Amino acid sequence: MTHVADEKSDSSERRLPSAVFSDVDGTILNGEHCVSPRTAAAARELARLGIPLVLVSARMPEALTDIRRELGNVGPVVCYSGAYVLDAAGAELLSRPIALGCALEVRDFVACAAPDVCCMAYGYHTWVTSDRSDPRVAREERIVGVESVEGTIEEHFSERGVHKILLVGDRDSVRRAEHEVGSAFPNLNVVRSSPILCEVMDGQVSKTEGIRTVCDHLGVSVRDVAALGDGQNDIDMLRAISESWAMANAPAEVRAAAAHVTALDNEHDGFAETVLSLLWGR
């Protein structure tokens, strides 16, 4: 497995990526959920060279706004792990929601099968929770910098459906919920994005499809892009992209799915150093 790109001094001698697709939490962000100065500088260097940096995240669009501002990031964005893809103007390039009736079934199933897990619903630009005072909700709000709306799925979502249901709890509870929900709803994509978070989406949703949608929009080939990620919900894109990089902080199964592993983790500017290595061979 390759860890460091071959060194060359002149970027013109290198085959630069047509675009860079990156996960956010655990990849671009450090352990404090912040963009480091080195990461911001790497993003600016991509922009200077005309190479799009596209965020590919489980987050909702509004939860990426401040991060994108710090990165100087413009252009398309892949949200909800590929369920909702937007262009630079915020217009939909792809939308794969869970049907409203199915979302209600999942919510009711979780309430019975995994009552110790907090269940939240996301769709388009709305995040709905049943109890904003729940410390797990408060934690998510603090991390992403967005406030949820208290209420029910029926009150806040229409027949357009829901893009994501998020299950939050301790490690064991979330692992069990992932298994229970995945077994009960085989038509859905059920995957953990961290040890304490499990994402439930339409069965066709993948980060890979989101990347392909953006590549088509930008007029670039998937064969010529690079991708970075650290979570289990990044495995499909790391396998699909030939120039893929798992973060050094990623679990073993994620590292095994990628073509390369970064030399540094997200606490030590692993994203920035890898991008600069791709650009300048250092």
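Quantities reported herein were computed from a predicted structural model and do not represent experimental measurements. If you read the sequence from its start, that first residue is 1, and numbering goes on from there.
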Please test Phe109 against Val181 for side chain to side chain contact (heavy atoms under 4.5 Å, CB included), starting from the C-alpha separation and ending with a verdict.
CA-CA 8 Å; Phe109 177 85; Val181 175; 4.1 Å; yes

Thr262 vs Glu273, side chain to side chain contact (heavy atoms under 4.5 Å, CB included): CA-CA, chis, key distance, verdict:
CA-CA 8 Å; Thr262 64; Glu273 295 307 314; over 6 Å; no

Start with the C-alpha distance between Arg136 and Asp131, add both sets of side-chain angles, then the distance that settles salt bridge (charged side-chain N to carboxylate O under 4.0 Å, His left out), and finish with yes or no.
CA-CA 10 Å; Arg136 294 166 294 189; Asp131 181 8; over 6 Å; no

Would Val106 and Leu188 count as a side chain to side chain contact (heavy atoms under 4.5 Å, CB included) if you check the C-alpha gap in whole Å, the side-chain angles of each, and the deciding distance to 0.1 Å?
CA-CA 10 Å; Val106 172; Leu188 298 180; 3.6 Å; yes

How far apart are the C-alpha atoms of Thr208 and Arg239, what are their side-chain angles, what is the distance that settles it, and do they pass the side chain to side chain contact (heavy atoms under 4.5 Å, CB included) test?
CA-CA 9 Å; Thr208 301; Arg239 286 176 174 163; over 6 Å; no

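Within a 6.0 Å sphere centred on NE2 of His268, other residues, nucleotides and ligands contribute 12 heavy atoms or fewer. More than 12 heavy atoms of other shown residues, nucleotides or ligands fall within 6.0 angstrom of atom NE2 in His33. A 6.0 Å sphere centred on CZ of Arg132 holds more than 12 heavy atoms belonging to other residues, nucleotides or ligands.
Rounded to the nearest 0.5 angstrom, Ser81 OG and Asp202 CG are separated by 12.5 Å. Between atom OG of residue Ser206 and atom CD1 of residue Ile235 there is a gap of 13.0 Å, rounded to the nearest 0.5 Å. With values rounded to the nearest 0.5 angstrom, Arg59 atom CZ is found 4.0 Å from Asp25 atom CG. The CZ atom of Arg160 sits 7.5 Å away from atom OG of Ser95, with the distance rounded to the nearest 0.5 Å. Taking OG of Ser18 as the start and CG of Leu218 as the end, the distance is 9.5 Å to the nearest 0.5 Å. Note that the NZ atom of Lys207 and the CG atom of Asn189 stand 11.0 Å from one another [nearest 0.5 Å].
What you find for Ala246 and Leu238 is that their closest heavy atoms are CB-CD1, 4.2 Å. Scanning all heavy atoms of the two residues, the minimum distance from Val190 to Cys198 falls at CG1-SG, 3.6 Å. The two residues Arg69 and Asp66 have their closest heavy-atom pair at NH1-OD1, 2.7 Å. Contact detail for Phe271 and Leu228: the closest heavy-atom pair is CD1-CD2, 3.9 Å. Listed here is the closest heavy atom pair of Ala121 and Ile153: CB-CG1, 3.8 Å. Of all heavy-atom pairs between Gly151 and Val128, the closest is O-CG1, 3.5 Å.
By the side-chain contact (heavy atoms from CB on, under 4.5 Å) test, Glu159 is found to be paired with Leu100, residues two or more places apart in sequence or in another chain being considered. Residues meeting the salt bridge (Lys or Arg N to Asp or Glu O under 4.0 Å) test with Asp230, sequence neighbours left out: none.
Between the side chain of Glu155 and the main chain of Thr152, a donor-acceptor pair closer than 3.5 Å is present. At least one donor-acceptor pair under 3.5 Å links the side chain of Ser244 to the backbone N or O of Ala259. Side-chain atoms of Asp170 come within 3.5 Å of backbone N or O of Ser173 as a donor-acceptor pair. Between the side chain of Asn249 and the backbone N or O of Gly26 there is at least one donor-acceptor pair closer than 3.5 Å. The backbone N or O of Glu180 sits nowhere less than 3.5 Å from a side-chain atom of Ser183 that would complete a donor-acceptor pair. Asn30 places a side-chain N or O within donor-acceptor distance of the main-chain N or O of Cys34, the cut-off being under 3.5 Å. Although no hydrogens or angles enter the test, the distance criterion places no donor-acceptor pair under 3.5 Å between the side chain of Glu141 and the main chain of Glu147.
In this pair, Tyr80 and His163 present their aromatic rings parallel. The plane angle is below 30°, not in the 30 to 60° band.
His125 and Tyr84 have their aromatic ring centers within a separation under 6.0 angstrom. Taking the centre of each ring, Phe157 and Tyr124 stay at or above the 6.0 Å mark.
A donor-acceptor contact closer than 3.5 angstrom is absent between the side chains of Ser193 and Asn233. Donor-acceptor pairing under 3.5 Å is lacking for the side chains of Thr213 and Asp216. With hydrogens and angles left out, the side-chain atoms of His260 and Glu243 include a donor and acceptor closer than 3.5 Å.
Contacts classified as salt bridge (charged side-chain N to carboxylate O under 4.0 Å, His left out) and involving residues 98-115 (residues at least two apart or in different chains) are given here: Arg107-Glu154. Among pairs with a residue in residues 190-200, those fulfilling salt bridge (charged side-chain N to carboxylate O under 4.0 Å, His left out) read Lys164-Glu199, Glu178-Arg192, at least two apart in sequence or across chains. Screening residues 83-102 for salt bridge (charged side-chain N to carboxylate O under 4.0 Å, His left out) gives Arg96-Glu209 as the qualifying pairs, with residues at least two apart or on separate chains.
Using a 4.5 Å cut-off between side-chain heavy atoms of Ile, Leu, Val, Met, Phe, Trp and Tyr, with links allowed through other members, Val146 and Leu86 fall into the same hydrophobic cluster. Hydrophobic clustering (ILVMFWY, side-chain heavy atoms < 4.5 Å, transitive): Val220 and Leu16 are in distinct clusters. Residues Val144 and Val137 fall within the same hydrophobic cluster, defined by Ile, Leu, Val, Met, Phe, Trp and Tyr side chains chained together at heavy-atom separations under 4.5 Å. Val162 and Met120 sit in two unconnected hydrophobic clusters of ILVMFWY residues. Membership requires side-chain heavy atoms under 4.5 Å apart, directly or through other members. Using a 4.5 Å cut-off between side-chain heavy atoms of Ile, Leu, Val, Met, Phe, Trp and Tyr, with links allowed through other members, Trp127 and Leu197 fall into the same hydrophobic cluster.
Considering Ile143, Asn266, Val24, Thr39 as possible partners of Leu29, the one that fulfils the side-chain contact (heavy atoms from CB on, under 4.5 Å) test is Val24.
Residues Thr126 and Met60 fail the side-chain proximity criterion, which asks for heavy atoms closer than 4.5 Å. In this structure, the side chains of Val77 and Leu64 come closer than 4.5 Å at one or more pairs of heavy atoms. In this structure, Asn73 and Ile67 have side chains that are not in contact, with every pair of non-hydrogen atoms separated by 4.5 Å or more. Using a 4.5 Å cut-off on side-chain heavy atoms (C-beta onward), Leu167 and Val174 make no contact. Inter-residue side-chain proximity for Val225 and Phe21 is flagged as met; some heavy-atom pair is nearer than 4.5 Å. Looking at heavy atoms from C-beta onward, Asp116 lies in side-chain contact with Arg176 at the 4.5 angstrom threshold.
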Anything under 3.5 Å between a donor and an acceptor, one on a side chain of residues 45-53, the other on a protein residue two or more places apart or in another chain? List them.
unit_1: Glu45; atom_1: OE1; unit_2: Arg48; atom_2: NE; d: 3.2
unit_1: Glu45; atom_1: OE2; unit_2: Arg48; atom_2: NE; d: 3.4
unit_1: Glu45; atom_1: OE2; unit_2: Arg48; atom_2: NH2; d: 2.8
unit_1: Glu45; atom_1: OE2; unit_2: Trp280; atom_2: NE1; d: 3.3

